[in-house]
Amino acid sequence: MSKGKSAKAKNTGILKAEIQKYWWLFLLPVTAAFIIGFVWPFIQGIYLSFCQFKTTSDATFIGFSNYGRALSDPSFVHSFWYSALFAVTSLIFINIPAFAVAYALTQDIKFSNLYRTVFFMPNLIGGIVLGYIWSMIFDGILSHYNTSILLNSTYGFWGLIILICWQQIGYMMIIYIAGLQAIPGEMIEAADIDGANGWQRLFHVIIPNVMPSITICMFLSITNGFKLFDQNLALTGGQPFIMNPDGTTIKTTEMLALNIFNTFYNSNAASRGTAQAKAVLFFILVAAIGLIQLKFTRDKEVQQ
Amino acid sequence: MSLKKILATFLAAVMLAGCGSGGSSTGSTTTTTTGGSTGGDSSKGSVYFLNFKPELDETLQGLAKDYTSQTGVDVKVVTAASGTYSQTLTSEMDKSAKPTLFIIGNQAGVKEWKDYAMDLTGTAIANELSTDAYNLYDETGKLVSIGYCYECYGIIVNPDLIEKAGHSMDELKNFAGLKAVAEDIHARAAELGFDAFSSSDMDSSSSWRFTGHLPNLEYYYEERDAGGWTECPATLTGKYVPNYKNLYDLIINNSLTDPKDLATGGHDAENEFKTGKAAFFVNGSWEYAAVSETVPNARMIPYYCGVEGEEKAGLNCGTENCWAVNSKVSEADQKATIDFMVWLVSDANAAGKMVEQLGVLPYKNAPQSANGFLADAQKYTDNGCYVMDWATNYQPNVDEYRAGLVAALNQYNADQSDANWANVETAFVQGWANQYKAVNN
């Protein structure tokens, strides 16, 4: 044993020196993957938003006109406000039930592990599949009333909300459960001894202590709301359209990502650049909203 | 080894595997390269065919292998997943190994991809063609792509069911005749055990039949009035939209499915026809193989819609299957590609297999077609009927245009009011002008 121990100590010393010399080698794979998979495409994407192109390797620089086209496109503006409304609504409808379920499932309920698994499972299904399944469920019901999710933009909106809640409540629930379990038992006990009732305990002890979870969940659900694509494509595809007398259409349930996708595959020569410009604006927007929201909720976090 | 070490080794292996396979194709496409880098001779050039028709994939993969073993030329065939050709082509064109052979199927495609297509005028493959009818040219007269098959669409009919209902195929000579038969069958559907039309779902797997094909009757007659179109017109007059409405109303209101239930689809129109539940099925010649399994004497009739003189109408014949050869690859690759194309349409075995799948090859040395619907199309032509060419290929900004039409038709299906039809007409006529502007500004 003692021989082994000394050999190990010696090895550690040698290894340490070697690692200190070659640390960059160990960083290389991840850094390379990050640069190839994220940094480079991102920079190229920004460059392409100033270009007219059909294929990305064959682009001509044209300056800011793509941004002009993007901002003057009424469908882009409509999809922005629609996405914003969706993101805020889904933020509320995901996080309140997710917290409630998490709270319930940390209260020593029988089979709570089973419930956690069941609630989490919808998250494992892909968005496109979910969209088609829910379109059948909704239409199975709505057809009794001679309508369809594709015929009424209110149904379309709430259909998307129901779908996204069904998918994401379980995910957010897991984050909240982790937060709730991290609250020291003594703190709750102390509150009980001080005579706090259930609501006081919830609002003055538990919620301030799970603020980090609330921050991350709100950040995730608002950015997910803005970025929603597959479910939107499969459930409504933007329908119903409002047909203006001049032939232009407003796709009432088209969100930002779907709008960018549809623009990209438009046959106009400038459409790809325009879509790229929209995508850059989209990135700035989502990043900005995320950061503002992060700052806002971080201020409310307490340190244990 | 401790668990930690095993895990670390596993992660490292996964990462390395990830790096190594980074360049391979994704799951949405199927790829076969025959020959390989050692078997092929690079001076001979190589062929990379980005195929558009999923149903042709298996045949092409086999033929590619045969061609390589006969000539030593590498042939790679990649088939884009259904409905993703434009996306796949865009990304493949970006790679250093670009497709040498790809599809430009309509005028919109010509506009988008003409810079990537060589002029095929006078090439060996152009000299093999038996007709110029399915070729696409750009505005300078460059032969951008050439048809390798053509198709026809119309209304597929089950003659046995028509007779069972006490009618005859001879009654189906114009819209009045078709309407009388269809409405009679629909009225007696419970007693007969079958209905007139199969379902006309509006989901993306089926809506093209009513937003891509059926509107052709409107475009075609408008085109004929104008003396033929050579490029996409900026506006439509909409003169024949009422005729489109005639046939559309007949189809949705005399069908197995309540029009209100069409929006999200879920019905299997082909199966309804094949199992004898419906006498009519709006579709095209590519359905022949499937339909003739159970209805071997199925026939196809034109879109009768109440236009004057339509007794002389034929089927809608045309194609979206046109080969273009990449102008941005080496001359050796271009030559190898053209040689491969010539072989596909003239070699007895290869052309035979192609005809089996495609129905017909419009080339001098290709075998005759065995497709019953294409034979119907020929019969109409032989009897002096006019071919309704695919004016629908001019649809501007096609996906967006059709999406607008689908949305309007969905509203109309749920409530067949005049106001809702006015919206369909707006999507049909104003939508065209609008998409034309969107593409050309």
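Sequence lines set the chain letters: A, B, ... in the order given, protein chains first and strands last, and positions in each chain run from 1.
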For the residue pair [X] and [Y], what are the closest heavy atoms and their distance?
X	Y	answer
A/Ser143	B/Asp261	CB-OD1, 3.6 Å
A/Leu151	B/Ala414	CD1-CB, 3.3 Å
B/Ala407	A/Gln239	CA-OE1, 3.2 Å

How long is the straight-line distance from [atom2] of [Y] back to [atom1] of [X], given to the nearest 0.5 Å?
X	Y	atom1	atom2	result
A/Tyr145	B/Lys260	OH	NZ	15.5 Å
A/Asn262	B/Asn397	CG	CG	9.5 Å
B/Thr264	A/Phe138	OG1	CZ	11.5 Å
B/Glu400	A/Ser271	CD	OG	10.0 Å
B/Asp115	A/Lys54	CG	NZ	10.0 Å
B/Gln411	A/Phe241	CD	CZ	10.5 Å

Please look at [X] and chain A and tell me whether the side chain, the backbone, both or neither of the residue comes under 4.5 angstrom of a heavy atom of that chain.
X	result
B/Trp432	neither
B/Ala263	both
B/Val429	neither
B/Asn440	backbone
B/Tyr116	side chain
B/Ala422	neither

Check this for me: [X], atom [atom1], are more than 12 non-hydrogen atoms of other residues, nucleotides or ligands nearer than 6.0 Å?
X	atom1	value
B/Gln416	CD	yes
B/Lys98	NZ	yes
A/Tyr155	OH	no
A/Tyr47	OH	yes

| query | With only heavy atoms counted, which part of A/Phe261 is less than 4.5 Å from chain B, the side chain, the backbone, both or neither? | reply |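 For A/Phe261, the contact with chain B is made by the side chain alone.
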| request: Heavy-atom pairs under 4.5 Å with chain B are the metric here; pick the option from A/Leu142, A/Ile36, A/Asp139 that has the most. | output: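 The option with the most such pairs is A/Asp139.
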| remark: Pair count under 4.5 Å, heavy atoms only, with chain A: among B/Ser204, B/Ala433, B/Ala403, B/Gly266, highest is B/Ala403
